[in-house]
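A note on names: the letters A, B, ... follow the listed sequences, proteins ahead of strands, and every chain is numbered from 1.
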2 protein chains.
Amino acid sequence: MEAAEELFARRGFAGVGMSEIAEAVGLSKSTLFHHFRTKADLYAAVVGRILAEIDLELTRTLARGGGAAERLDRWVDVLIDLLASTPAHARVLLRSLFEDDELSGELPEQQEADKALYRILDQARSLLKEGMASGEVRAASIPHLLQSLIGMVVYHFASGEVGDGIVGRSIFGADEVERRKREVKAFLHHGIIIDPEKN
Amino acid sequence: MEAAEELFARRGFAGVGMSEIAEAVGLSKSTLFHHFRTKADLYAAVVGRILAEIDLELTRTLARGGGAAERLDRWVDVLIDLLASTPAHARVLLRSLFEDDELSGELPEQQEADKALYRILDQARSLLKEGMASGEVRAASIPHLLQSLIGMVVYHFASGEVGDGIVGRSIFGADEVERRKREVKAFLHHGIIIDPEKN
DNA sequence: GTCTATAAACAGATAGAC
DNA sequence: GTCTATCTGTTTATAGAC
């Protein structure tokens with residue numbers, strides 16, 4: 001599944017053949033079909049595993065308590081650490097967010113992946129809502145804030161060579177990952193633009 | 001090319017066959033191969049056309065002048081209008097940003113697409129740099145700001161069904177597009193989190 | 001669980017007529 | 001420019017031996 005993960009991350013569902021995955025893992029194609037009845041099954045299993053891990057880690061860090069702003073910062077830190085630790089994860093996650101119809105959605109493993117994604121999103125939604133209620137988070141559209149957070153974190157670590165080119169070196173280097181955390185959190189706290197009347 | 005655009009947007013380079021595109025446009029597969037020597041040629045042409053249009057429109061709006069903060073707001077408005085006007089565009093753009101190796105990079109049409117992307121990024125970089133020099137933009141890592149802007153705008157309009165689910169209705173509806181502009185610009189101006197000592 | 005062999009459909013691409 | 005017919009390789013998936 002790790003081998004499949006990396007290949008699917010790079011070229012997507014249609015771009016990878018079962019024989020290629022089998023070769024990468026050192027088994028025959030038939031053996032792969034013995035473990036996963038169809039290619040869609042394997043893909044759903046790969047996606048589901050990643051989403052489940054993200055859900056688990058985010059749930060864990062939010063359970064540690066603290067104010068909404070503090071937990072939001074931790075949410076960013078943990079998600080970034082998670083996506084940075086395995087380069088394939090962000091790409092698979094991004095694909096699952098914008099490639100709707102690759103899978104029919106009827107497979108049980110796909111339904112489990114959908115549930116994990118729903119939990120991740122719902123938890124973040126609740127966090128933002130709580131922050132607004134307490135006055136720690138600026139009043140704004142929660143769905144749009146959510147989309148912005150996803151875009152800032154997930155896209156960045158999915159951006160591969162283009163991202164490396166923009167940043168000037170590997171986005172997965174330890175220093176650069178720490179910098180991403182700081183930059184994203186600074187964006188959340190201060191925005192980009194300095195309004196003249198504020199100072 | 002419009003037909004190919006929509007199909008590639010949805011399922012990527014490998015997920016679409018030349019016969020499918022031919023059928024969608026009402027021609028035979030051979031005729032398609034007469035106009036585009038290879039599938040990669042067609043894909044590069046589709047991507048290049050989108051990037052060229054984006055480059056053109058962004059260049060045009062930045063040429064209208066104004067302060068850096070003002071032009072940054074306009075940059076966001078124009079890019080959002082552009083991506084919202086044709087749902088396939090954001091997905092193709094996102095794919096060109098995170099799917100590195102789909103194309104070898106040796107084709108002339110691919111090189112032109114790369115150049116357009118480079119111009120788009122370089123122009124945005126200059127704008128941010130200028131804004132920091134004038135004090136209108138908060139001092140921060142320009143590459144990371146760029147990545148954040150791309151993530152906030154491009155991902156949002158590429159997010160399809162998941163995005164619709166998060167927002168609660170079509171992200172391409174006129175009202176929802178206007179709201180996206182407001183929300184992104186508010187994010188740039190104020191961030192998300194309200195720092196207590198500021199008020 | 002793993003393999004070889006094979007089926008049946010489909011892919012990208014070409015030849016050549018009109 | 002468009003077509004039919006075809007080539008060649010690859011695809012997902014299955015059958016059945018070990």
J.: Restricting to pairs with a member in residues 106-146 of chain A, which pass ring pair (Phe, Tyr, Trp, His ring centres under 6.0 Å), not counting sequence neighbours?
T.: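 Checked against ring pair (Phe, Tyr, Trp, His ring centres under 6.0 Å) - neighbours excluded - the pairs reaching residues 106-146 of chain A are His144(A)-His156(B).
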
J.: Where do Asp55(A) and Lys115(A) land on the salt bridge (Lys or Arg N to Asp or Glu O under 4.0 Å) test, with the steps shown first?
T.: CA-CA 10 Å; Asp55(A) 179 36; Lys115(A) 275 189 188 172; over 6 Å; no

J.: To the nearest angstrom, how far is Leu42(A) atom CG from dA13(D) atom C1'?
T.: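 After rounding, the gap between these two atoms is 14 Å.
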
J.: Among residues 17-31 of chain B, which residues get a heavy atom nearer than 4.0 Å to DNA chain D?
T.: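 The answer is Leu27(B), Ser28(B), Ser30(B), Thr31(B).
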
J.: In whole angstrom, give the distance that lies between atom CG of Leu32(A) and atom P of dT11(D).
T.: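 Taking atom P of dT11(D) as the reference, CG of Leu32(A) is at 13 Å.
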
J.: Are there more than 12 heavy atoms of other residues, nucleotides or ligands under 6.0 Å from atom CD of Gln110(A)?
T.: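 Enclosed: over 12 neighbouring heavy atoms sit under 6.0 Å from CD of Gln110(A).
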
J.: Please give, in whole Å, the distance from dA13(D) C1' to Asp41(A) CG?
T.: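 Spelled out: CG on Asp41(A) to C1' on dA13(D) is 13 Å.
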
J.: If we ignore angles and hydrogens, is there a donor and acceptor under 3.5 Å between the side chains of Ser159(B) and Gln147(A)?
T.: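 Their side chains do contain a donor-acceptor pair, which is all the 3.5 Å distance test asks for.
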
J.: To the nearest Å, give me how far apart CZ (Phe33(B)) and P (dA13(C)) are.
T.: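 Interatomic distance, CZ of Phe33(B) to P of dA13(C): 5 Å.
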
J.: Starting from C1' on dG1(C), measure out to CZ on Phe36(A) and report it in whole angstrom.
T.: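 Spelled out: CZ on Phe36(A) to C1' on dG1(C) is 14 Å.
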
J.: Whole-Å distance between dT12(D) C1' and His34(A) NE2?
T.: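 That distance rounds to 18 Å.
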
J.: Take the protein atom NE2 of His35(B) and the nucleotide atom C1' of dG1(D), then report the distance between them rounded to whole Å.
T.: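 Those two atoms, NE2 and C1', are 6 Å apart.
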
J.: Before giving the answer on ring-ring contact (aromatic ring centres under 6.0 Å, His included), spell out for Tyr155(B) and Tyr155(A) the whole-Å C-alpha distance, their side-chain angles and the decisive distance to 0.1 Å.
T.: CA-CA 7 Å; Tyr155(B) 159 71; Tyr155(A) 159 71; 9.0 Å; no

J.: Quick one, Phe187(A) with Phe187(B), criterion ring-ring contact (aromatic ring centres under 6.0 Å, His included). Give me CA distance, side-chain angles, the key distance, then yes/no.
T.: CA-CA 8 Å; Phe187(A) 203 148; Phe187(B) 203 148; 5.1 Å; yes

J.: Please report the distance, rounded to the nearest Å, between NZ in Lys39(A) and C1' in dA9(C).
T.: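 Nearest whole value for this atom pair: 14 Å.
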
